[in-house]
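Atoms considered below: every heavy atom in the structure, side chains included; atoms not considered: hydrogens, waters and symmetry mates. In what follows, every chain begins at residue 1, and chains take the letters A, B, ... in the order their sequences are listed.
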Protein chains: 2
Amino acid sequence: MTVNIYDDLNKLEATFRKTAEFLEVQQAVEEVKVDDDALALFKNFRKIQLSLQEKQMQGEEPVAEELEYAQKTAQLAQQNPKIMKMLEAEMKLSGLIEEVNRVLMKPVQQLYESI
Amino acid sequence: MTVNIYDDLNKLEATFRKTAEFLEVQQAVEEVKVDDDALALFKNFRKIQLSLQEKQMQGEEPVAEELEYAQKTAQLAQQNPKIMKMLEAEMKLSGLIEEVNRVLMKPVQQLYESI
Ligand SMILES: [Ca+2]
Ligand SMILES: [Ca+2]
């Protein structure tokens, strides 16, 4: 018998969207979006992260000034309570996804432990 | 309303164990276990990987001889068709777990894209 997991996966995803952890990220994102300062800091932080990532993928070395600026924008973003709240909520939500991974990895590990 | 995802997660895990991908790993593991050569090669390969990982975690540098031996055992293991089949089945199963991650990450990404 072959099963497909998509029915169960879609059900899990629907429930995932209703967890306290997901709703907290959603709420925190909304709070950032309506705060001009937080919004500007976060957009700037993200823009610089993306530009550094792009360089890295193209094998280019960022210059010292860019790294310093990136560090500064990250620091400023993290000093903003609304951004901080959002990042903390995101970390908690990541913990939930890690738990899903642990639960699915366990039976695979058990197979290998039987060797 | 707060939900918990464990009912859906346990259901997903039960279905996951019945997927063609999981059953294929299970079957491949059994075939390795009953083949003396494959079993010895795999156990040796795993023992050396674990010992290298332990050293790495303790901040020790493996000596060149150890690395060479590790490479050799990995090569020998991969030349064994039963081990190869098991590792390939494991990779396909990992793809399924990655799909679960993609499905759960998508609504989180959408929140961030709305910023
Ligand atoms: Ca403001
Ligand atoms: Ca044999």
Counting heavy-atom pairs under 4.5 Å with chain B, which one of A/Phe42, A/Phe22, A/Tyr112, A/Phe16 comes out on top?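 Highest number of pairs under 4.5 Å: A/Tyr112.
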
Taking every heavy-atom pair that is under 4.5 Å apart, which of A/Asn10, A/Ile97, A/Asp7 has the most such pairs with chain B? A/Ile97

[X] versus chain B, heavy atoms under 4.5 Å apart: side chain, backbone, both or neither?
X        : answer
A/Leu111 : both
A/Lys33  : side chain
A/Ser114 : both
A/Glu98  : neither
A/Lys106 : neither

Drop me the distance from [X]'s [atom1] to [Y]'s [atom2], to the nearest 0.5 angstrom.
X       : Y        : atom1 : atom2 : value
A/Asp8  : B/Glu13  : CG    : CD    : 11.0 Å
B/Leu9  : A/Leu104 : CG    : CG    : 6.5 Å
B/Glu21 : A/Ile5   : CD    : CD1   : 7.5 Å

Applying a strict 4.5 Å limit to non-hydrogen atoms, the region of B/Leu39 in contact with chain A is side chain

Tell me whether the count of non-hydrogen atoms from other residues, nucleotides or ligands lying under 6.0 Å of [atom1] in [X] goes above 12.
X        : atom1 : answer
B/Lys92  : NZ    : no
B/Gln56  : CD    : no
B/Gln110 : CD    : yes
A/Lys55  : NZ    : yes
A/Glu61  : CD    : no

Hydrophobic clustering (ILVMFWY, side-chain heavy atoms < 4.5 Å, transitive) - are [Y] and [X] grouped together?
X        : Y       : value
A/Leu87  : A/Leu93 : yes
B/Leu41  : B/Met84 : no
B/Phe45  : B/Met91 : no
B/Met105 : A/Leu23 : no

Exercise: identify the closest heavy-atom pair between A/Val29 and B/Ile115: CG1-CG1, 3.7 Å

Hey, which of B/Val100, B/Val25, B/Leu96 has the most heavy atom pairs under 4.5 Å with chain A? B/Val100

Greatest number of heavy atom pairs closer than 4.5 Å to chain A - which of B/Arg46, B/Lys43, B/Glu30: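 Answer, by heavy-atom pair count under 4.5 Å with chain A: B/Arg46.
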
